[in-house]
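Got a structure for you, written out below as structure tokens; questions coming shortly.
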Protein chains: 2
Amino acid sequence: MEGFIGRFSINDGFVAGYQRIINDNVIPYEEKAIRDEIEGAAKSGAVANFEAAAEALENGRTDKTFYGMVFQDSDVAKWLEAAAYDLVLFPDKELERRCDEMIALVGRAQEKDGYLDTYFTLARLGRVEAAKTGADGLHLINEGNAPDGERQPFSNLMEAHELYCAGHMIEAGVAYAQCTGKTGLLDIVCRLSDRLYDEFITKGREGYPGHPEIELALMRLYDHTGNRKYYELAKHFIDVRGVDRDFYRKEKEKRNWQVWGMDPEDTAYFQCDAPVRDLKYASGHAVRVVYLLSGAADVARESGDESLKEACERLWKNITQKRMYLTGGIGSCYEGEAFTEDFHLPNDTAYAETCASIGLMFFARRMLKLGKKGEYGDVMERAFYNGVLSGMTLSGTEFFYVNPLESLPGISGKAKTHKHALPVRPKWFACACCPPNIARLLPSIADYAFEKEGNTLYSHLFIGGELDLKDEFGGKIKVATEYPFKGEVSYEFYPDSGKMDMTFAVRLPEWSRDTEVLLNGNKIYGAGSKPEGAGEGFEISESLGYLYISGKFGPEDMVTLKLDMRARTVYADTRVSADTGKIAYMRGPLVYCAEGRDNNGSVLDLRVFAGAQPLEEWSDELNGIVTMTVPGQRICKRDEERLYYEDKPEIVPEMVHMIPYYAWANRGENEMRVWLTEAAAV
Amino acid sequence: MEGFIGRFSINDGFVAGYQRIINDNVIPYEEKAIRDEIEGAAKSGAVANFEAAAEALENGRTDKTFYGMVFQDSDVAKWLEAAAYDLVLFPDKELERRCDEMIALVGRAQEKDGYLDTYFTLARLGRVEAAKTGADGLHLINEGNAPDGERQPFSNLMEAHELYCAGHMIEAGVAYAQCTGKTGLLDIVCRLSDRLYDEFITKGREGYPGHPEIELALMRLYDHTGNRKYYELAKHFIDVRGVDRDFYRKEKEKRNWQVWGMDPEDTAYFQCDAPVRDLKYASGHAVRVVYLLSGAADVARESGDESLKEACERLWKNITQKRMYLTGGIGSCYEGEAFTEDFHLPNDTAYAETCASIGLMFFARRMLKLGKKGEYGDVMERAFYNGVLSGMTLSGTEFFYVNPLESLPGISGKAKTHKHALPVRPKWFACACCPPNIARLLPSIADYAFEKEGNTLYSHLFIGGELDLKDEFGGKIKVATEYPFKGEVSYEFYPDSGKMDMTFAVRLPEWSRDTEVLLNGNKIYGAGSKPEGAGEGFEISESLGYLYISGKFGPEDMVTLKLDMRARTVYADTRVSADTGKIAYMRGPLVYCAEGRDNNGSVLDLRVFAGAQPLEEWSDELNGIVTMTVPGQRICKRDEERLYYEDKPEIVPEMVHMIPYYAWANRGENEMRVWLTEAAAV
């Protein structure tokens with residue numbers, strides 16, 4: 001990434017609050033969880049696995065047993081990565097010391113040849129035993145019973161996630177070096193990556209990872225170190241994937257053990273039904289898709305490979321034009337946490353995993369590197385403020401994997417088809433993928449908000465704070481905003497001396513119907529604007545959803561973005577069966593929803609008048625939000641106990657109250673709907 | 001049942017046509033299927049299993065192998081039962097000879113002690129091997145690999161369906177005796193039932209069937225033979241069920257083989273989470289629920305057990321007021337083909353198995369024996385004309401298991417959550433439960449249409465034909481109607497001599513807003529009626545949805561029912577999330593639907609004006625139907641490729657065309673919806 005993390009101190013009321021919560025609650029909780037220090041919580045075993053592997057390597061053998069998911073190592077990696085970012089925002093010597101100790105432990109668990117994966121090390125020199133079922137009831141582990149000795153490294157690329165774990169540790173190594181300057185973990189992951197290069201390139205081992213992640217990680221390592229081997233290996237995994245689409249079946253035939261017993265013929269699930277360049281649809285496990293495409297976009301950027309770039313653009317379109325929820329949620333099918341078919345977007349059974357929305361942000365961010373288009377920034381913003389933030393309570397202590405667009409008490413979390421769609425966030429999960437992903441995203445949000453390319457600084461997301469650009473442009477920019485509730489964003493330039501000679505580019509969100517940009521009070525973009533009034537030496541141009549302001553910015557210069565924050569009604573393509581006859585509301589980047597709590601207990605019996613402009617009001621509830629109220633109707637409850645009736649329902653006028661979607665389910669279990677029924681013609 | 005089957009010759013244009021199709025197409029096809037004589041079709045093995053078991057018993061051993069589902073025997077039983085009814089309607093010496101031969105074969109496969117189940121006989125004296133997956137892809141068979149000798153009778157009541165198979169053979173035995181007077185199969189099933197009595201009553205074996213069916217079958221056998229042992233055994237299975245709710249878990253621990261590996265802890269699936277009398281909700285596999293309740297209602301009728309009757313009424317209410325589709329479909333969850341939670345009735349992923357709707361008719365018919373309430377007849381009619389008849393193409397050559405209320409080409413039959421919800425009917429299924437169930441229902445429909453209780457003859461369903469009542473009332477009744485398309489039903493009385501002294505009771509369907517009944521042209525029921533004008537000696541009374549006409553009916557007497565057939569709009573309880581903002585249309589007992597075929601290719605983008613009265617027109621299409629047309633709108637397709645948009649959709653007026661639901665999917669794959677979006681307020 002760009003390395004803006006340590007140089008953007010966020011001070012707005014919104015994102016800064018989340019960063020504080022991550023620092024105060026999430027990272028400490030996560031640390032305790034992986035150390036098995038939380039009473040009553042599901043055992044993690046993640047740190048204990050590293051200790052056992054270190055002991056095994058030091059003594060040649062251990063009696064200790066690997067515990068947890070086959071990818072348990074990645075929890076340690078994700079915690080280290082999150083902590084790295086967090087240390088820049090909230091320096092903490094004690095936390096840094098514990099990170100250093102953890103890194104030392106990881107180093108001790110690394111085999112002499114660079115191999116690092118406690119599951120396989122303990123399979124050889126200790127024992128493995130997997131948790132049978134996740135405490136969340138979602139993740140079933142069904143280990144085969146092969147003698148441990150038969151679990152050889154790289155013998156189960158389809159299921160065993162060792163390249164996935166390696167990827168996360170690589171990301172952590174790069175992040176820790178970037179954020180602290182310490183290269184201990186970087187050295188470890190370079191040795192690990194060299195070992196993988198040796199295996200897959202030098203020795204020519206066949207295959208590709210069942211769960212992509214290493215591709216984007218290797219590209220980060222390449223970007224940081226400049227070592228071209230890492231790019232080559234990343235490109236290799238992209239190039240070979242799906243070329244032999246039968247690889248996993250053949251791999252399975254060669255071994256007599258399994259993790260979950262996944263079906264190697266379900267190639268779409270693993271994104272290997274065709275070579276990456278030939279993929280036509282986003283299919284299978286949603287997180288894998290966007291992790292893979294993030295790596296592919298990185299490789300396309302470095303290689304200039306047009307066919308790979310086209311594949312990324314094709315799949316971007318398929319996702320965002322056919323398979324994405326209004327919230328930026330992806331993976332509409334809970335079976336396989338997966339993409340399904342075009343326009344199949346059920347609201348109540350949605351999977352829309354928090355991690356998948358985070359992955360969509362990864363992908364969008366990489367697409368921005370391939371080409372500056374506002375739509376990439378728009379989707380990144382949509383996913384962030386809706387599908388990602390809904391993954392966590394406002395207090396940062398409870399988490400959703402699954403972010404449905406409709407919640408039905410009595411059905412959600414209860415019916416067999418809704419077991420996954422919990423109506424309230426639980427504390428933690430045995431499969432701890434989503435909470436740590438939020439924990440590493442939020443403190444690193446600066447790298448999503450800003451990008452420097454050539455002489456241009458891009459503002460993709462609108463977050464208040466102070467951005468240090470000493471090295472790039474000899475100064476800093478102060479961003480002031482009360483986003484996402486207010487639409488004004490001002491950028492003040494503070495050169496260290498003289499002027500900052502640069503192009504400043506700001507995203508013009510598509511959702512804002514009436515956007516204005518002012519330079520020193522002169523309207524240079526928007527209705528009736530006079531770009532020529534920008535002042536001497538400034539050039540203004542617009543391209544693909546960005547406004548470019550080129551010139552020499554002095555201490556007196558200020559760019560002001562004014563977005564149209566009026567509430568909007570949204571319609572879905574009629575091919576989305578679940579949304580026919582319904583509308584949703586948005587305000588700025590925020591999707592809204594109606595909860596029973598604000599609507600006399602129920603929302604299914606409510607209808608709204610699409611033509612009416614909602615009333616928008618500030619409320620101190622839920623950490624401070626803008627609520628929306630729209631005229632509607634309630635269908636009256638009937639006295640009779642019957643499912644179907646033929647007389648027209650009795651209808652009374654009622655105002656319908658809405659809150660931002662990210663804040664739902666913070667006040668106990670209740671009905672929730674994003675897509676509201678339109679009032680019917682009389 | 002009543003034994004009206006052979007004495008009601010149906011001659012209307014609707015049901016008679018279906019009976020002809022069953023005779024001409026379904027029963028011959030079914031026979032060929034179970035004999036493995038259809039090229040290209042999935043192997044059945046059903047008859048071959050009986051031959052192998054007979055050979056094994058005669059020679060003490062066979063090399064032959066059991067093939068197919070563990071309940072494959074029931075296919076032979078269902079065919080024999082259907083053929084029995086059919087032989088009365090369409091006498092056919094050749095078919096009867098083949099039935100007799102089949103019965104002789106069944107007799108040869110019966111063990112000396114009366115035991116009859118080819119799976120277990122071949123497990124002991126031959127081999128068993130199950131088909132791996134049904135040709136329909138729906139039914140996965142996962143046999144354990146225990147030595148065949150360990151598959152002992154009654155050792156897997158949870159999964160092995162031997163009591164289910166016994167139940168179907170008992171039903172066939174009773175039917176064949178009733179319809180042909182031949183008692184060969186009746187003798188076989190009496191010996192079998194005696195063997196079961198010996199096992200479960202005399203020897204006191206614990207347990208109860210995983211798939212109910214034997215309870216209602218034993219009650220039929222009791223009703224026919226008067227042998228109280230069969231009633232006792234039926235009552236026993238009802239009484240012990242769920243008392244030890246842990247029974248299946250303990251049973252599983254005692255054996256080292258399995259059929260599907262079902263979870264014995266999922267007691268709700270098997271309706272044994274509580275004793276039958278204490279069940280509060282219809283839970284688990286829908287067919288099992290209604291088969292069980294049919295048996296329970298029969299036992300309650302015979303025993304006069306109020307607590308059992310109350311349980312039946314409680315579950316009836318739960319099903320019909322909380323868990324039933326408009327079509328009479330039940331089992332809204334495809335996982336487990338099961339009931340889920342109250343008001344959870346998704347349209348596109350519905351299971352709504354044909355067999356379950358047939359089972360609901362069984363249950364309704366038995367509830368009528370417990371008490372005459374119009375609602376039982378109403379539901380029986382709803383299920384028959386919608387959820388049951390939709391299970392078959394109009395030609396009787398293709399079949400649905402699953403009857404969704406919405407079909408989405410590109411998603412239905414394709415997405416992982418929609419694999420079961422095929423958009424067109426396939427030819428046959430490896431698990432051939434639904435087609436044979438239709439085959440035995442239609443030729444026996446007379447016993448659902450009429451009931452004699454005391455001196456009263458009830459007309460529950462409205463079907464044209466001639467009913468022989470010589471034995472009961474010394475005459476016959478001719479019913480003339482063009483139901484379900486026209487609402488007039490006339491009953492003419494033809495005493496053999498003198499008068500027919502009786503009470504004639506006719507159902508007054510709740511859906512008919514303006515019903516009239518005339519006796520000899522005098523209106524005796526309905527607005528402005530004069531019951532006193534019925535004529536001398538006739539008494540008129542109404543009770544719980546039935547009109548009772550008591551008197552002496554002579555050859556000049558005619559009762560005419562005039563039902564209000566005007567099209568109706570139907571609303572669902574707002575707690576049914578899938579139906580909010582939508583309405584459905586009905587006409588008479590028929591639920592309507594809109595297919596893309598009649599609506600320029602698509603229906604999801606259509607909206608209807610609930611206030612408009614539909615135009616109803618006769619059409620010769622689809623074997624003759626009344627079509628419905630209602631004013632509506634179409635949301636115009638947009639040029640842009642995008643999922644969500646904020647400008648109001650362009651809307652054009654368009655008429656929306658509908659056909660009866662039972663006739664859907666007879667013209668290839670296309671969009672279908674029962675619940676249509678209401679046009680929105682402007």
Side-chain angles (χ1 to χ4, degrees), chain A residues 317 320-322 324 326 333-336 338 340-346 348-349 406 408 410-411 414-418 511 513 568-577 580-582 584 586 602 604-605 607 609-611 635 637-638 641-646 648-649 677-682, chain B residues 317 320-322 324 326 333-336 338 340-346 348-349 406 408 410-411 414-418 511 513 568-577 580-582 584 586 602 604-605 607 609-611 635 637-638 641-646 648-649 677-682:
Chain A
K317 279 189 187 148
T320 59
Q321 295 175 358
K322 306 276 172 69
M324 180 184 75
L326 186 63
C333 182
Y334 67 92
E335 287 198 32
T340 58
E341 306 296 333
D342 289 350
F343 306 110
H344 180 215
L345 294 161
D348 56 337
T349 59
E406 173 168 289
L408 305 166
I411 296 171
K414 210 174 161 202
K416 276 195 180 169
T417 47
H418 291 66
W511 54 256
R513 279 178 258 188
R568 288 131 39 217
T569 50
V570 185
Y571 299 83
D573 188 296
T574 55
R575 286 168 288 187
V576 181
S577 164
T580 56
K582 300 201 184 109
M586 291 190 72
S602 62
L604 294 181
D605 47 357
R607 302 170 165 205
F609 287 101
I635 297 178
K637 207 173 150 28
R638 294 167 54 91
E641 285 283 354
R642 57 188 306 151
L643 259 175
Y644 307 107
Y645 50 94
E646 301 188 351
K648 274 211 166 208
T677 309
E678 274 192 79
V682 283
Chain B
K317 280 188 186 152
T320 58
Q321 295 176 357
K322 306 277 172 70
M324 179 183 76
L326 186 63
C333 182
Y334 67 92
E335 288 199 33
T340 59
E341 306 296 333
D342 288 349
F343 306 111
H344 180 214
L345 294 161
D348 56 338
T349 59
E406 173 167 289
L408 305 166
I411 296 172
K414 211 174 159 200
K416 277 197 180 168
T417 47
H418 291 66
W511 55 256
R513 278 178 259 188
R568 286 129 41 216
T569 49
V570 185
Y571 299 82
D573 188 296
T574 55
R575 286 167 288 187
V576 182
S577 165
T580 56
K582 300 201 184 107
M586 292 189 71
S602 61
L604 293 181
D605 47 356
R607 302 169 166 204
F609 287 102
I635 297 178
K637 207 172 149 30
R638 294 166 54 91
E641 285 283 356
R642 57 187 306 149
L643 258 175
Y644 307 107
Y645 49 95
E646 301 188 353
K648 274 211 165 208
T677 308
E678 275 193 77
V682 284

**Asked** Can you list the steps and then say if B:Thr349 with A:Thr417 is a side chain to side chain contact (heavy atoms under 4.5 Å, CB included)?
**Response** CA-CA 10 Å; B:Thr349 59; A:Thr417 47; over 6 Å; no
**Request:** Can you tell which part of B:Tyr334 gets under 4.5 Å to a heavy atom of chain A, answering side chain, backbone, both or neither?
**Result:**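 Side chain of B:Tyr334 only, per the 4.5 Å heavy-atom cut-off to chain A.
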**Item:** Best-contacting candidate, B:Met586, B:Arg642, B:Arg575, B:Arg638, against chain A by heavy atom pairs under 4.5 angstrom
**Value:**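 With the most close heavy-atom pairs to chain A, the winner is B:Arg642.
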**Prompt:** Among A:Thr569, A:Leu604, A:Asp573, which residue forms the greatest number of heavy-atom pairs with chain B at distances under 4.5 Å?
**Reply:**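 With the most close heavy-atom pairs to chain B, the winner is A:Leu604.
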**Heavy-atom side-chain contact between A:Glu646 and B:Tyr571 under 4.5 Å** =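 The answer is no; the side chains never approach within 4.5 Å.
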**Request:** Report the distance from atom CH2 of A:Trp511 to atom CZ of A:Arg568, rounding to the nearest 0.5 Å.
**Result:**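 A:Trp511 atom CH2 to A:Arg568 atom CZ measures 6.0 Å (nearest 0.5 Å).
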**Item:** Where B:Tyr645 and A:Ala572 come nearest, the two heavy atoms and their spacing
**Value:**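 Smallest heavy-atom distance, with atoms named: OH-O, 3.7 Å.
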**Message:** Quick check for you: among B:Thr340, B:Leu408, B:Ile411, which has the greatest number of heavy-atom pairs under 4.5 Å with chain A?
**Reply:**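 Of the candidates given, the most pairs with chain A belong to B:Ile411.
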**Request:** For each of A:Thr574, A:Thr677, A:Leu643, A:Asp605, tally heavy-atom pairs with chain B at distances under 4.5 Å, and name the one with the top tally.
**Result:**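 Option with the greatest count: A:Leu643.
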**Message:** Check the orientation of A:His418 and B:His344. Use parallel for under 30°, tilted for 30 to 60°, and perpendicular for over 60°.
**Reply:**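 Perpendicular, since the angle between the ring planes exceeds 60°.
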**Item:** Partner chain B: residue of A:Leu345, A:Thr580, A:Thr320 with the largest heavy-atom pair count (under 4.5 Å)
**Value:**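 That would be A:Thr580.
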**Prompt:** Among A:Lys637, A:Lys317, A:Lys414, which residue forms the greatest number of heavy-atom pairs with chain B at distances under 4.5 Å?
**Reply:**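 Of the candidates given, the most pairs with chain B belong to A:Lys414.
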**Asked** Of the listed residues (A:Gly581, A:Gly336, A:Ala415), which shares the most heavy-atom pairs with chain B below a 4.5 Å separation?
**Response**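 Highest number of heavy-atom pairs under 4.5 Å: A:Ala415.
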**Message:** Please determine whether a side-chain nitrogen of the Lys or Arg among B:Glu678 and A:Arg607 lies less than 4.0 Å from a carboxylate oxygen of the Asp or Glu.
**Reply:**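 Looking at B:Glu678 and A:Arg607, the cut-off is met.
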**Asked** About how many Å separate CD of A:Gln321 and CZ of A:Phe343, when rounded to the nearest 0.5 Å?
**Response**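 One gets 9.0 Å once the value is rounded to the nearest 0.5 Å.
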**Request:** Please determine, among A:Ser602, A:Ser577, A:Cys333, the option with the most heavy-atom pairs under 4.5 Å with chain B.
**Result:**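 Max contact count across the listed options: A:Ser577.
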